[in-house]
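One-based numbering along the sequence shown.
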Amino acid sequence: MLRVATRGTPLARAQTDLVVAALQRVHPQMHCEPVVVRTTGDADPTRPIAALGERGVFTKALQDALLDGRADVAVHSFKDLPTESVPGLTIAAVPTRGDPREALVAGPVRSLADLAPGATLGTGSPRRVAQALRQRPDLNIVPLRGSVGSRVAAQQEGRMHATIMAVAGLQRAGLDAAISAVLELPDFLPAPAQAALAVEAQADRRDVVALIATIEDPAARAATTAERAFLHDLQGGCSLPAAALATVNGDELVLDTAVYVDDGGAVRTHRQGPVDEAAALGREAAAETVARGVT
């Protein structure tokens, strides 16, 4: 039996179910028991994340459950994990990634361009604010946090005209019908590691680590390694309007990044190289970004 730490939100439970199903396909006799953990971010779903006073507001409580023995593994949205590792813990697997792109949730309106002048767009993400305003500087941005379902409801109930959310999150929560349009690359690059899951365990639990490693997707691991190396070397957290997306084709990795700056511009980089140099490519992209004036 494997005790699996998870947040209690519908999306977190759905993502944990995906991991459990993947494990059970490889190990049909495995039984998994959820250990539902309430995080700082869940306890205070309205204030901006940067105002909550700590990093890892959606992940630290799950990691504590691993360290104190309440759980054997924890399932995270990889983009929520701080890039600084926790001593004694390891990412045992990065399963197959979902669709990393962004979605517009705006009812019958099918593009940002078609929103009415001065329309209200709700989001708590500095990156999404910057990306939206580059396309539509007239938009009225209002803060919006909460579960996937509550954010969709905010738009559908008329509290705002539109919001921007992750395609994968909507799909995993069974809210595909709320997607008005997929916002195309490269104008709407996602957060580093968006749509990827991370399965974490105690590093010295070699039996558990080996078990979880059976659902590893090497391409997802390489892509997220590059993206998170970029974010790490920028020393960026949730408050930094940074974006990154790596794609893997055979033995080659392509990394595109952006950091949005106060004047409405963006510092972009493009890197291409061997998959086994994923971390180095991310660090190079960060170094170039810093050299071009982003601190």
Side-chain angles (χ1 to χ4, degrees), residues 1-39 41-42 56 58-100 166 168-169 171-173 192-229 232 246 248 250-251 253 275-276 278-279 282:
M1 187 183 75
L2 205 63
R3 296 166 300 161
V4 184
T6 177
R7 294 167 59 200
T9 65
L11 176 59
R13 295 297 298 269
Q15 293 181 155
T16 298
D17 288 346
L18 289 174
V19 170
V20 168
L23 284 167
Q24 290 178 332
R25 283 193 293 271
V26 182
H27 311 284
Q29 303 306 313
M30 177 182 295
H31 174 69
C32 294
E33 176 181 293
V35 177
V36 179
V37 176
R38 187 172 174 81
T39 69
D42 298 322
F58 296 118
T59 58
K60 183 178 182 299
L62 299 177
Q63 293 172 323
D64 289 344
L66 291 177
L67 292 170
D68 66 24
R70 283 176 287 150
D72 302 303
V73 299
V75 177
H76 304 285
S77 289
F78 209 174
K79 70 179 180 64
D80 292 338
L81 265 180
T83 56
E84 297 289 349
S85 59
V86 173
L89 300 181
T90 186
I91 304 302
V94 181
T96 301
R97 192 178 193 174
D99 187 332
Q171 291 175 335
R172 290 165 178 165
Q194 183 162 299
L197 303 178
V199 189
E200 196 171 28
Q202 288 195 41
D204 62 1
R205 292 285 306 277
R206 295 183 180 180
D207 56 337
V208 173
V209 172
L211 187 73
I212 301 306
T214 59
I215 62 170
E216 170 88 347
D217 181 338
R221 171 76 74 165
T224 54
T225 294
E227 294 164 20
R228 284 169 57 81
H232 175 273
V248 175
D251 294 330
L253 183 144
V275 166
D276 59 7

Self-check item: Stepwise side chain to side chain contact (heavy atoms under 4.5 Å, CB included) check, L2 with L23
Solution: CA-CA 10 Å; L2 205 63; L23 284 167; 4.1 Å; yes
Quiz item: For E33, what residues pass the salt bridge (charged side-chain N to carboxylate O under 4.0 Å, His left out) criterion, not counting sequence neighbours?
Solution: none
Quiz prompt | I215 side, atom CD1; Q24 side, atom CD - distance, nearest 0.5 Å | solution = 11.0 Å
Quiz item: Any donor-acceptor pair under 3.5 Å linking the side chain of R70 with the backbone of R3?
Solution: no
Self-check item: Backbone N/O of A195 and side chain of R172: donor-acceptor pair under 3.5 Å
Solution: yes
Quiz item: Considering all heavy atoms of both residues, which atom of A201 and which atom of D72 are nearest to each other, and what is their separation?
Solution: CB-O, 3.8 Å
Practice problem: Report the distance from atom OG1 of T59 to atom NE2 of H76, rounding to the nearest 0.5 Å. | Solution: 6.0 Å
Quiz item: What's the spacing between T9 OG1 and R38 CZ if we round to 0.5 Å?
Solution: 11.0 Å
Quiz prompt | Other residues, nucleotides, ligands: >12 heavy atoms within 6.0 Å of D68 CG | solution = yes
Quiz item: How long is the span from the CZ atom in R7 to the CZ atom in R13, to the nearest 0.5 Å?
Solution: 12.5 Å
Quiz prompt | Salt bridge D207-R205, side-chain N to carboxylate O under 4.0 Å | solution = yes
Practice problem: Can you measure from CZ (R221) to OG1 (T96) and round to the nearest 0.5 angstrom? | Solution: 12.5 Å
Exercise. Kindly give the heavy-atom pair with the smallest separation between L11 and A173, and that separation in Å.
Key: CD1-N, 4.2 Å
Exercise. Please report the closest heavy-atom contact between A12 and T6, naming both atoms and the distance.
Key: O-OG1, 3.5 Å
Quiz item: Any salt bridge (charged side-chain N to carboxylate O under 4.0 Å, His left out) pairs touching residues 90-100, not counting sequence neighbours?
Solution: R97-E227, D99-R101
Quiz item: Would you find a donor on one side and an acceptor on the other, under 3.5 Å apart, between the side chain of E200 and the backbone of I91?
Solution: no
Exercise. Check A74 against L66 and note the closest heavy-atom contact, atom names and distance.
Key: N-CD2, 3.8 Å
Exercise. Mind checking the CD-CG spacing from Q63 to L89? Nearest 0.5 Å is all I need.
Key: 5.5 Å
Quiz item: Minimum heavy-atom separation for T90 to A203, with atom names?
Solution: CG2-CA, 3.8 Å
Practice problem: Work out which heavy atom in A279 is nearest to a heavy atom in A229; give both atom names and the distance. | Solution: O-CB, 3.5 Å
